[in-house]
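Working notes for the structure below.
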Amino acid sequence: MVIMGAGIVGCALADELTKRGFTDVTVLDQAQGLAAGGSSSHAPGLVFQTNSCRSMTAFARYTVEKYTALGCFDQIGGLEIATTEARLADLSRRHGWATSWGVESRLVGPDEVARLHPLLDREQILGGFLIPGDGLAKPVLAAEVQARRAIARGARFELGQKVVAVETSGDHVTGVRTETDIFPADIVVSCAGMWGPVLGEMVGLTVPLVPMAHQYAFTGDLPGVSAEALARQPILRHQEADLYFRAHGEALGIGAYGHRPMPIAARDIAGSELPFTKEDFEASWESAVELIPALAEAGVDRGFNGLFSFTSDGMPLLGEHPRLGGFWVAEAVWITHSAGVARSMAEWIVDGQPELDLHSSDLNRFEQVQLAPDYVLERSCQNFVEVYDLLHPLQPMESPRPVRTSPFYEWQKDLGAFFLEASGWERPHWYEANANLPEVAEVPDRNEWASRYWSPICGAEALVTRKRVAMFDMTPLKRLEVSGAGALEFLQRMTTNNLNRKPGAVVYTLLLDNRGGIRSDLTIARLDETTFQVGANGNLDLDWLTRHAPDDVHVRDITAGTCCIGLWGPKARDLLDDISHTMDTRKGYFTAQQAFIKNVPVTALRLSYVGELGWELYTTADLGPKLWDTLWEAGQRHGVIAAGRGAFNSLRLEKGYRSWGTDMTTEHDPYEAGLEFALSKDKQFYGKGALHGRVPSRKLTCLTVDDPRQVVMGSEPVFHQGEAVGYVTSAAYGYTTGLNIAYAWLPLGVDEVEIEYFGERVKARAAREPLFDPEMKRLRG
Ligand code: FFO
């Protein structure tokens, strides 16, 4: 194996791999030293573990644990402060994440903040969030220590070796060529940090990261403060001013994100420390002095603009090249996550599957449009700007938008759609045209946070769906066509349920990994003997199936060329009977048929994620407008409405349908997730062996929250008898049932719980699911 890059990620990975007995490792770097020349060389080493993302927090926890054990970490604590009410509320939300993800932390009052950090102007402080386990990593030392451990186990480090090419044969790597040597290898891991795009280009791989300069300044010595006293103060974040602080002897280091984004193309990087641009620091300095008045006297001694990697969604890039076997990437990784990422990468490479769910860091998570250089640049800059912003979980990026629109977009705009974006798609969340529905008045009010990116219209749309009929745009749902002589055998091997049914059958089934974890849940329609239409969850499904497909099977992404309307509600059949003579609307639940709806040929799947009678109606994109128009016109006498994602999410939770990536991931098996009904006993399938003898100790649990106004958003910690025992996955108010629903991962047998929400404990209790229509009268009607 060759690792390209001896920064902190490359060194940590060499350590983790050799620890697992994988000792034939060579680490190359263009620089003459370890952690020299790249981002690791200048990283100030602050490790704040708390992150909205579970796996990111897990990466950071391991980094703290490991570097502490290796003597490369000062656990002096991390302190985040609030000077506004909004930020204070946000700190309690962050405290919730830390609790959910198992990081000890507490909220502290202004006096304690002042005691912990006496330099702060006490008057401005409303409160703080203290994480005792946070602190300072020593990046260069950590790289050296881990490299030494790897070397002791047989790894080689070849410094001053600049990679000029990656050698390949067929669709696999065979080695790495440097300016002077060739290093044969079956596995090549690019840990080149912000040079990742350059190395990716050598193998036709887009590595969608953007190197950006970020300002770091050293103050002069602070008057009357000892280095010992400063060294005891926790690392500090003042997110409202985009600032962070640490001690350097008798001075402070100040990191600033408040300035304009300063991106640079990877191929143009000469050194990773650019000259300090003083004018960009002025506003940050003012804020710093305001918070820490003693800085006025200390002044700025020097600074630099340090380069490091940003991505379009703020997450790392981990995984294997989609088309070149053996070429792996672990980039856009900060010091904070370095050891954790390395551990997961080593598990992935050695065992075939990491223990943590990495879908949100997966290199292959992006849609093609999200790899456009302009998109990557604009979103990454936006991420830089927002890095410390107080972000609502539903808050979308404003540009570039719109990127992907369905064929129904013009109608949606006419109906006053409120759009949010996912995977580049514009998705209506509700339609202002529905504001006059009398049902709007039935929708209960909710707390301020939960009312953002929401409207009571969502509730009215949900109610009308259950009473009459609604059109949902399902175009963004990832669709694959799997075809060829070996298609059935292939899908039988890859998925858990039995697909050997007659053409016209639809099956709900799972993709598992080799540890029995859930990689995805799919609906698969057998259209003819050798053609299957797969309803999937995203690009990772395409990637996974493509990787495993034999030569006689074709896996094709048909999402963009097709479109889909979910026509659901008790009147759906009447509506279609009025306009289609070729469609058999009595054909059973979970069946597929091809038919014409007036002039439009459709593939109709009788299933519904919202739990109502109806069909997903697919046609080609060119016929999308005609399909919408036809259904809309015919629907008028049945009181049809267009309905958005807000209603959709509430309806599916009432029906207990899981959403992959939120409710369950590779960290969960089908028994825990309540999906054992999708496992076939009669066949072998990928991951089946790993399920043998599993006894679940936790369960995805349906909770109802007592207070209807406290609609939680997901990731909140759940307490049982005063102890944090789990966390919320998804939640929504159920408009038909009148129940405030939250799903949570909890130990078996836990009943009465409390959810911590903005620092308050909200009572909730386990409920028998599904909450709506357990007899399936609607769907089978
Ligand atoms: N594919 C399609 N066509 N439609 C979808 O809504 C979705 N999904 C994901 C990905 N693929 C899709 C899958 N999630 C059910 C539950 C979850 C789903 C899809 C469907 C469902 O109807 N479950 C029935 C199964 C009954 C049976 O097996 O016969 C049930 O549990 O009652 C949207 O996210």
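Just so it is clear, the structure is predicted and the values come from calculations on it, not from any experiment. Residues take their numbers from the sequence shown, with the count starting at 1. Counting starts at 1 for both ligands and their atoms, in listed order.
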Between W544 and Y686, is a ring pair (Phe, Tyr, Trp, His ring centres under 6.0 Å) present by the stated rule, with each step listed? CA-CA 12 Å; W544 179 254; Y686 198 99; 5.4 Å; yes
Could you go through L512 and L691, starting from their C-alpha distance and side-chain angles, then the distance that decides it, and tell me whether this counts as side chain to side chain contact (heavy atoms under 4.5 Å, CB included)? CA-CA 10 Å; L512 301 187; L691 294 178; 3.6 Å; yes
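Proximity of A536 to ligand 1 is established by a heavy-atom distance of less than 4.0 Å. Contact analysis leaves F648 out of contact with ligand 1, as no non-hydrogen atom separation drops below 4.0 angstrom. Using a 4.0 Å heavy-atom cutoff, R652 is absent from the residues neighbouring ligand 1. Contact between W660 and ligand 1 is absent, with no heavy atom of the residue lying under 4.0 Å from the ligand.
Those atoms of ligand 1 with a heavy atom of M776 less than 4.0 angstrom away are 32 (O).
When ring centroids are compared, H359 and W660 come within the 6.0 Å threshold.
Between S608 and ligand 1, no N or O atom pair is found at a separation short of 3.5 Å. For the pair T523 and ligand 1, the shortest N or O to N or O distance falls below 3.5 Å. Between M474 and ligand 1, no N or O atom pair is found at a separation short of 3.5 Å.
The cationic group of R466 lies under 6.0 Å from the six-membered ring centre of F772 and within 45° of the ring axis, placing it in a cation-pi geometry.
Contacts classified as ring pair (Phe, Tyr, Trp, His ring centres under 6.0 Å) and involving residues 483-516 (residues at least two apart or in different chains) are given here: Y508-F677.
Of the candidates F590, F472, Y657, Y618, it is Y657 that places a heavy atom closest to atom 30 (C) of ligand 1.
Closest protein heavy atom to atom 8 (N) of ligand 1: L477 CD1, 4.0 Å. The protein non-hydrogen atom at the shortest distance from atom 34 (O) of ligand 1 is Y609 CZ, 3.3 Å. With hydrogens left out, the protein atom closest to atom 9 (C) of ligand 1 is N537 OD1, 3.8 Å, a heavy atom.
Residues forming a ring pair (Phe, Tyr, Trp, His ring centres under 6.0 Å) with H668 (at least two apart in sequence, or on another chain): W745.
In this structure, R526 pairs ionically with E529, as a charged nitrogen and a carboxylate oxygen lie closer than 4.0 Å.
The number of heavy-atom neighbours closer than 6.0 Å to NZ of K467, taken from other residues, nucleotides and ligands shown, is above 12. Environment of CD in E633: sparse, with no more than 12 heavy atoms of neighbouring residues, nucleotides or ligands closer than 6.0 Å.
At a heavy-atom cutoff of 4.0 Å, ligand 1 is contacted by the side chain of E616 but not by its backbone. Heavy atoms of V507 found under 4.0 angstrom from ligand 1: none, in either backbone or side chain.
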